[in-house]
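Structure, as structure tokens:
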Amino acid sequence: MATNLPAPTEQAEEIDLVLRQVLADVLGLSAERIAELDAESGLFGHLPELDSMAVAGLLTELEDRLDIIIEDDDVDGEMLETFGSLLAFVTRKRADG
Amino acid sequence: MLTGMWPPSPGEKEYALGFDCQRTRRILVIPALFDEATKLRHFTVEVMRRLDTMGIDSMLPDLPGTNESATPLEKQTLTGWQAAMHAAAKHFRATHVLAIRGGALLADLGMPTILYAPVPGSGQLRAMLRAQVIADSEAARGTTRDALLESGRKNGLRLAGYCLGPAMIAELEDAQPPQDGAATTIPQSELGGGGLWLRAEAGHDPAQADVLANRIAEQLA
């Protein structure tokens, strides 16, 4: 039987997947470790290796893979603090685009 | 693995690392630029190590103003780096060029060329400007990419720790890798993993190095 999921769910799953993939590339984490990330998992300010250059690379890669544009004004500590907050941000950007 | 010196211009000396056994296939490796050069250094040398075992020589020169170079980075330009790569190709009698990421902006040397995951100058600059804006915002100094760029075009800029002169910034804004007909491109998607330049801390991936070395050897066959 063909599944007929509503488009927003499909898109939410895709965004979640892309974000996990890009974080795996930036943090050099295994698929298992990256699958364990949940909404509360701390990012910027919690992981010392995630410095400004790494965050810049992360955001630039998200722009390219999700076809969104992230403005300087969008970027603050809160948006980057947890996996959940970053996921909410890119989901909103994708919906706006 | 050998180290040696080469003359970017008469009377000047820069350092290079290479696997040079005077074999017939000799690749000049143009490194990635700035922060990405550090992130990809281990990977680049590992690819060269694999090429060596396949009977291919390769030489990795320092771009003037980087690594062991005694000349200041802020005096460098893409045009100057390209001239230096011409001199390196001649000195090492290179038969092929392999350019990594932003190294592609210096790769138009009139010989068979392979580009690994090339990035235009604007893309290179975008990530560095963004990193600087984030660092400034952490330090409670409000800047924007536009304002940084504007000031950099006039006075040069210390960007993500790299001192770039105004000419370098202007050239980066417009520089493009050689067109498809003039070079063979190996995109990151062929390597089966994320680009190591994205890593927050410099890392290595032996599987990706195997794939890239094999793809390069195929091109030279």
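Keep in mind it's a predicted model, so treat the numbers as computed, not measured. Lettering follows sequence order; numbering is per chain, from 1. As a basis for the values below, the full set of heavy atoms in this structure was taken, side chains included, without hydrogen atoms, waters or symmetry mates.
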Practice prompt. Taking B:Thr185 for its side chain and B:Pro187 for its backbone only, find out whether a donor-acceptor pair lies under 3.5 Å.
Written response: no

Fill in: A:Ile69 atom CD1: more than 12 heavy-atom contacts under 6.0 Å
no

Worksheet entry | B:Ala16 versus B:Pro61, closest heavy-atom pair with distance | CB-CA, 3.7 Å

Discussion item. Given 3.5 Å as the limit, does a donor-acceptor pair link the side chain of B:Trp81 with the main chain of B:Pro64, or not?
Written reply: yes

Worksheet entry | Selection from A:Leu80, A:Ile70, A:Val75 maximising heavy-atom pairs under 4.5 Å formed with chain B | A:Ile70

Worksheet entry | Minimum heavy-atom distance between B:Ala107 and B:Thr113, given as atom pair plus value | O-OG1, 3.8 Å

Discussion item. Could you check whether any side-chain N or O of B:Trp6 sits under 3.5 Å from a backbone N or O of B:Lys13, counting only pairs where one atom can act as donor and the other as acceptor?
Written reply: no

Distance-only donor-acceptor screen, chain B against chain A, under 3.5 angstrom:
residue  : atom : partner : partner atom : Å
B:Arg126 : NH1  : A:Glu63 : OE1          : 2.6
B:Arg126 : NH2  : A:Asp64 : OD1          : 3.2
B:Arg130 : NH1  : A:Thr60 : OG1          : 3.1
B:Arg130 : NH1  : A:Glu63 : OE1          : 3.2
B:Arg130 : NH2  : A:Glu63 : OE2          : 2.9
B:Arg130 : NH2  : A:Ile70 : O            : 2.6
B:Arg145 : N    : A:Asp72 : OD2          : 2.9
B:Arg145 : NE   : A:Asp72 : OD1          : 2.6
B:Arg145 : NH2  : A:Ile70 : O            : 3.1
B:Arg145 : NH2  : A:Asp72 : OD1          : 3.1
B:Arg199 : NE   : A:Asp25 : O            : 3.4
B:Ala200 : N    : A:Val26 : O            : 2.6

